[in-house]
Number of protein chains: 2
Amino acid sequence: MIDDFKKNKNLYEKSLIAVDPIIFTISDKKLKIFLKKREKDPFKGKYELPGGLLLHDETAEQTMERKLKELLGDFKIFFMQFQSFTKPNRDPRERIISIGFMALVNEESIEIKDSWFDVEKLPDLAFDHKEIITLAKNHLCQHLNLMVAKQFLPEYFPLNKLQEVHEVVGKRKYDNRNFRKKMIQSGCVEETDQIQKGCSHRPSKLYKFKAEVHEISCK
Amino acid sequence: MIDDFKKNKNLYEKSLIAVDPIIFTISDKKLKIFLKKREKDPFKGKYELPGGLLLHDETAEQTMERKLKELLGDFKIFFMQFQSFTKPNRDPRERIISIGFMALVNEESIEIKDSWFDVEKLPDLAFDHKEIITLAKNHLCQHLNLMVAKQFLPEYFPLNKLQEVHEVVGKRKYDNRNFRKKMIQSGCVEETDQIQKGCSHRPSKLYKFKAEVHEISCK
DNA sequence: GCAAAAGTGTTACAGATACACCCATGG
DNA sequence: CCATGGGTGTATCTGTAACACTTTTGC
């Protein structure tokens, strides 16, 4: 391929490479994403994904880690690639290829509480970011499984919170008795001796994921 | 992001962008992919994916269409993005980001009969192409549905061929009676009045997909 | 008539669904 | 004592799995 490039440098063009993180969390029973407001043209005043360019010696995954640390702080965050975006004029200034990643964070680990937008009520977006977010939402919804749900929860959680995650991401309701039965039977979660505190109703038992939960799917 | 670039051009580096097509077909009850032999160093004599660079005004999808036409001829081929590869040194000469696509073709539309390798018996591969192929195989296997199966079959096909596609891609066996029942009940295929010819055994009825088959999943 | 693949129905089992009431706590 | 969310069992339905023999054709 490089040989093609050497033969005819006019045809091919080197391009900047960026990652665009779609950072999801669940808060207030809604799926939300992190956006920032643009302070410069083009698209001044609109919102954008908090993307970043790859450094010369970085993989896209390393760029994601660097950006996430910068945005949310230094703790481990789960993320996965879902699609790359290559329209030549997606940035009006200069060609940039963007690799889309979705990242999943537990609400409780978030310090900055603003900047989060309900995916059903997004503001005006810069570049092709609306399209990117739509695809990320579909990808998340289609890849909902226990590994994904786990990312939205703290280590110890009530089963009803796990159900809530499934309901919000999967955009559907589950029967509470059936959901609990299925989760317990699946062997992926286990009861602990911890109890929920500080709630003005019957406190729930807390569960945790068994260590071996990795890729178990859950419709 | 471009502002970051303008501030410090040393840190960021523009890169060539390529597509790498993993072209699958089913032949002889095996899943096969298209590879070509490298005639130059590096990796001279090893096999590689038939990748191509993005032209300055092309999306990755347009590059795929151009390359597929060049490799296999001018007919419509189904393909989908599955992952991008960004290790800085994946090509020892110069940085190239590669966007991996899997393409699916029906054996009968192939003219060039060599160049196809059983995915279970791959030759030595150049660059990171072994890794790319492994990921493409997993992706294909996990995304097996009727839309995918359709790509491996001609317009009119025996139900048993559809079963074969599912068995080869899904690496498992299906019970013939149950499989037929399920396919017919699903309403995605319909019987035609066409009959298989030129076989030395009982000829089968031929079926076709109904028009609306797009994204129906099938375990 | 034999080889080779096509085609066909019934029973058993497991997983999914539907459904309504009592419980524990804080205020 | 009341409001709030936590927690529980049974009966039915539906889709999947297991299973073996007859049919049609070419040679």
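Letters A, B, ... mirror the listed sequences (proteins, then strands); counts begin at 1. Scope of the values below: all heavy atoms of this structure, side chains included, with no hydrogens, waters or symmetry mates.
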Q: Check the distance between C:dA6's P and B:Leu162's CG and give it to me in whole angstrom.
A: 13 Å

Q | B:Phe117 and B:Tyr47: CA distance, side-chain angles, deciding distance, ring pair (Phe, Tyr, Trp, His ring centres under 6.0 Å) verdict | A | CA-CA 10 Å; B:Phe117 291 80; B:Tyr47 284 84; 4.8 Å; yes

Q. Considering residues at least two apart in sequence or located in another chain, which fulfil the ring-ring contact (aromatic ring centres under 6.0 Å, His included) criterion with A:Phe157?
A. A:Phe209

Please table the atom pairs, donor to acceptor, closer than 3.5 Å between any side-chain atom in residues 130-138 of chain B and protein atoms at least two apart or in another chain.
{"unit_1": "B:Glu131", "atom_1": "OE1", "unit_2": "B:Lys87", "atom_2": "NZ", "d": "3.2"}
{"unit_1": "B:Thr134", "atom_1": "OG1", "unit_2": "B:Lys130", "atom_2": "O", "d": "2.9"}

Q | 5' priority, DNA chain D, between B:Arg177 and B:Gln185 [closest heavy atom] | A | B:Gln185

Q. Over how many whole Å does the gap from A:Asn176 atom CG to D:dT8 atom P extend?
A. 10 Å

Q) Rounded to whole angstroms, how far apart are CZ on B:Phe157 and P on C:dA5? A) 20 Å

Q: Could you tell me the separation between the CD atom of A:Glu191 and the C1' atom of D:dG6, rounded to a whole number of Å?
A: 13 Å

Q: Would you mind listing every side chain to side chain donor-acceptor pair (under 3.5 Å) that reaches into residues 193-203 of chain A, with sequence neighbours excluded?
A: A:Gln196-A:Ser204

Q) Between atom CD1 in A:Ile184 and atom C1' in D:dG9, what is the gap in whole Å? A) 13 Å

Q.
Please determine whether the number of non-hydrogen atoms from other residues, nucleotides or ligands lying under 6.0 Å from atom NZ of B:Lys29 exceeds 12.
A. no

Q | Touch class at under 4.0 angstrom, heavy-atom based, for B:Asn160 against every strand present | A | sugar-phosphate

Q: In whole angstrom, give the distance that lies between atom OH of B:Tyr174 and atom C1' of D:dT16.
A: 12 Å

Q) B:Tyr207 OH to C:dG7 P: how many Å, rounded? A) 6 Å

Q: To the nearest Å, give me how far apart CG (A:Asp175) and P (D:dG7) are.
A: 15 Å

Q: List in numerical order all residues of residues 193-206 of chain A for which some heavy atom is under 4.0 Å away from an atom belonging to DNA chain C.
A: A:Cys199, A:Ser200, A:His201, A:Arg202, A:Pro203

Q: Using the test side chain to side chain donor-acceptor pair (under 3.5 Å), find all partners of A:Asp91 that sit at least two apart in sequence or belong to another chain.
A: A:Arg93

Q) Considering only heavy atoms and no angle criterion, is a donor-acceptor pair shorter than 3.5 Å present between the side chain of A:Lys181 and the base of D:dT10? A) yes

Q. Of the nucleotides C:dC19, C:dA6, D:dC19, which has the atom closest to the B:Asn178 side chain?
A. D:dC19

Show every donor-acceptor pair shorter than 3.5 Å between a side-chain atom in residues 75-84 of chain B and any protein atom, with sequence neighbours excluded, or say none if there are none.
{"unit_1": "B:Gln81", "atom_1": "OE1", "unit_2": "A:Ser84", "atom_2": "N", "d": "2.7"}
{"unit_1": "B:Gln81", "atom_1": "NE2", "unit_2": "A:Ser84", "atom_2": "O", "d": "3.0"}
{"unit_1": "B:Gln81", "atom_1": "NE2", "unit_2": "B:Glu61", "atom_2": "OE2", "d": "3.4"}
{"unit_1": "B:Ser84", "atom_1": "OG", "unit_2": "A:Ser84", "atom_2": "OG", "d": "2.5"}

